[in-house]
Amino acid sequence: MSGTHRLAVGWAVRFRGEPPSPDTLRRHVRARLADLPTLTHRVEDRPGSRPCFVSVPELDPREHVHELLMTGPRKQWHSCLQDVLARPLPAGHRPPWDLWLIHGCGDGVGAPEYVLVFRIHHALEDGAGHHYVLRTLFTPRIAPQRSRRVADTPARTSADTSAPAESGGRVSSRALLGIAGDVARSLRGSGNWAVLRRPPTGKLATAVGTAATRRLLALSRALDTDISMVFLTALTGAMRAVAVAEEERPAPLALLWPLTVRTGGERGAVGNYLTMVRLRLPCAEPLPLRRLAALSRQLEAGRVERRMRTSRALMRRAPLPMSLGTLRLLMRPRHASLTGTYFPAALPQPALDEGRLDGALGLGAPLPGQLCHLTLLRYRSECTLSVVHDTAFARGADLPELWLTALAELEAAV
């Protein structure tokens, strides 16, 4: 599946049951807009100043909520995403998001089903924001989390993650050294891996694989770790296999790992509340358990907590040009060739009319200059790996299968 490159991110979900009409879905979305500030703002570029978030008070759901009928049954529900991913987001005076109601994605046997695909520009929302939208739209009403930002305030983009002024925390000297080290490495570049240094084509493709949640939980318990570490260890094995297939010598590979710095009161706030950690995937290591040990040292719990707390404090206290410049360096493609993230979705009894949600995946986007973004989304009985890659990195289509193979190798090593 391919489409034009853009920072459109979001999710896709499958419902079992009769689909609503487009007008019914639009009324449902309109009824929840008061609790969803990311859907009522757009980013406005202003000459000589930073972009700003601007409120759009009179939003017409007909410009954002659309219907698409697929022809012919599909073996996998996520194979119907292509026609949506190739379309541009709303632009101009409209907030840059859309929601697609897709019919005809099932195999034609059994209960009816439909798919909803939500996309939004990354400047308005990060992964935790996606989860908030999903939860707000399809679960019983929760306490509203209004944006702390108001119209005509500086926009927070994926390269601009300065935290709100009321956010703070203690600064850790060890975390400061880690940030300084990441900045220094961004100046040197991400090393070998010619397959990931090809010029982007601007065309994106998507590949998807699934593993049972109970399988990943059992493996993480056996290894005394968590699902995110199992994900990264298997990803290391998958990328090692890519190097071998490309006749490259497997080498350590830099990956950006986002960490949220949102507080509970910022769950639905407009913008990105992220800091980035640069990980080195030990792809030169042939033994799965040694890969896990190397990754565990990099993401030790205390180290991650210090990094998040220090990043939040620096975002508040450092001069704006300094904080933005540092974060832009951390997110350069020279700094890391891939971005990966793991997200567990907690959705109590999600439903839309009579339909019940029974499948979900995340839709990321490579940062400008990168060729690949990977998301592992855990929802109930399934963990779904979605790979969004530029077509210049054709091996991206193989990553879900390679990841599952590496997962089996890790299981065999326990």
Side-chain angles (χ1 to χ4, degrees), residues 169-193 196 216-243 249-261 274-314 326 329-331 334-344 374-376 378 383 385 402-403 406-414:
R170 291 188 301 136
V171 174
S172 161
S173 59
R174 283 187 287 179
L176 278 175
L177 288 173
I179 293 171
D182 279 356
V183 170
R185 283 185 286 270
S186 77
L187 300 175
R188 293 201 306 266
S190 56
N192 299 322
W193 292 86
L196 293 171
L216 297 186
L217 286 173
L219 184 54
S220 63
R221 284 192 293 266
L223 295 168
D224 193 25
T225 187
D226 57 30
I227 288 181
S228 64
M229 295 306 305
V230 170
F231 164 48
L232 287 169
T233 303
L235 176 59
T236 302
M239 292 308 301
R240 177 182 171 85
V242 167
R249 182 178 179 180
L253 175 63
L255 174 138
L256 288 177
W257 186 252
L259 300 174
T260 183
V261 294
L274 296 174
T275 186
M276 291 284 188
V277 172
R278 181 185 191 267
L279 300 180
R280 283 172 62 85
L281 302 184
C283 299
E285 175 55 62
L287 300 179
L289 294 182
R290 289 187 179 178
R291 297 173 198 154
L292 173 62
L295 289 164
S296 298
R297 288 191 293 270
Q298 296 180 66
L299 284 176
E300 181 268 326
R303 184 177 183 180
V304 169
E305 179 59 32
R306 289 191 298 270
R307 182 64 172 263
M308 294 170 65
R309 188 174 62 241
T310 298
S311 296
R312 242 188 129 72
L314 290 176
T326 299
L329 283 173
L330 293 178
M331 300 179 75
R334 279 175 54 84
H335 180 216
S337 300
L338 304 173
T339 301
T341 187
Y342 164 67
F343 201 92
L374 304 101
T375 303
L376 184 69
R378 174 184 170 183
C383 289
L385 174 64
L402 293 175
W403 181 77
L407 187 65
E409 293 172 353
L410 182 60
E411 288 172 317
V414 175

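Keep in mind that this is a model prediction, so the values were computed, not measured.
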Distance in Å, R280 CZ paired with R278 CZ, rounded so as to fall on 0.5 Å steps:
6.5 Å
Which heavy atom of R240 sits nearest a heavy atom of P286, and at what distance?
NH2-CB, 3.7 Å
Please tell me if the side chains of T236 and L253 come closer than 4.5 Å, counting only heavy atoms from C-beta onward.
no
If every non-hydrogen atom of T233 is compared with every non-hydrogen atom of P288, which pair is closest and at what distance?
CG2-O, 3.6 Å
Can you find a pair of side-chain heavy atoms, one from T339 and one from T341, that are under 4.5 Å apart?
no
Would you give the length of the straight line joining atom CG of L338 to atom CE of M239, rounded to the nearest 0.5 angstrom?
5.0 Å
Give me the atom names and distance for the closest heavy-atom approach of W257 to G340.
CE3-O, 3.1 Å
Look up atom CZ in F231 and atom SG in C383, then write down how far apart they are to the nearest 0.5 Å.
10.5 Å
Excluding sequence neighbours, so at least two apart, what forms ring-ring contact (aromatic ring centres under 6.0 Å, His included) with Y342?
none
What residues form a salt bridge (Lys or Arg N to Asp or Glu O under 4.0 Å) with E411, not counting sequence neighbours?
R215
If you take all heavy atoms of T260 and L274, which pair is closest and at what distance?
CA-CD2, 4.1 Å
Please report the closest heavy-atom contact between L235 and W403, naming both atoms and the distance.
N-CD1, 3.4 Å
Just by distance, do the side chain of R291 and the backbone of E285 share a donor-acceptor pair under 3.5 Å?
yes
Taking side chain to side chain contact (heavy atoms under 4.5 Å, CB included) as the definition, give me every residue that meets it alongside R221, ordered by chain and number, with sequence neighbours left out.
L217, A218
Value for CG (L259) from CG (L299), rounded to nearest 0.5 Å, stands at 7.5 Å
Write down the atom of A251, the atom of W193, and the distance for their closest heavy-atom approach.
O-NE1, 3.0 Å
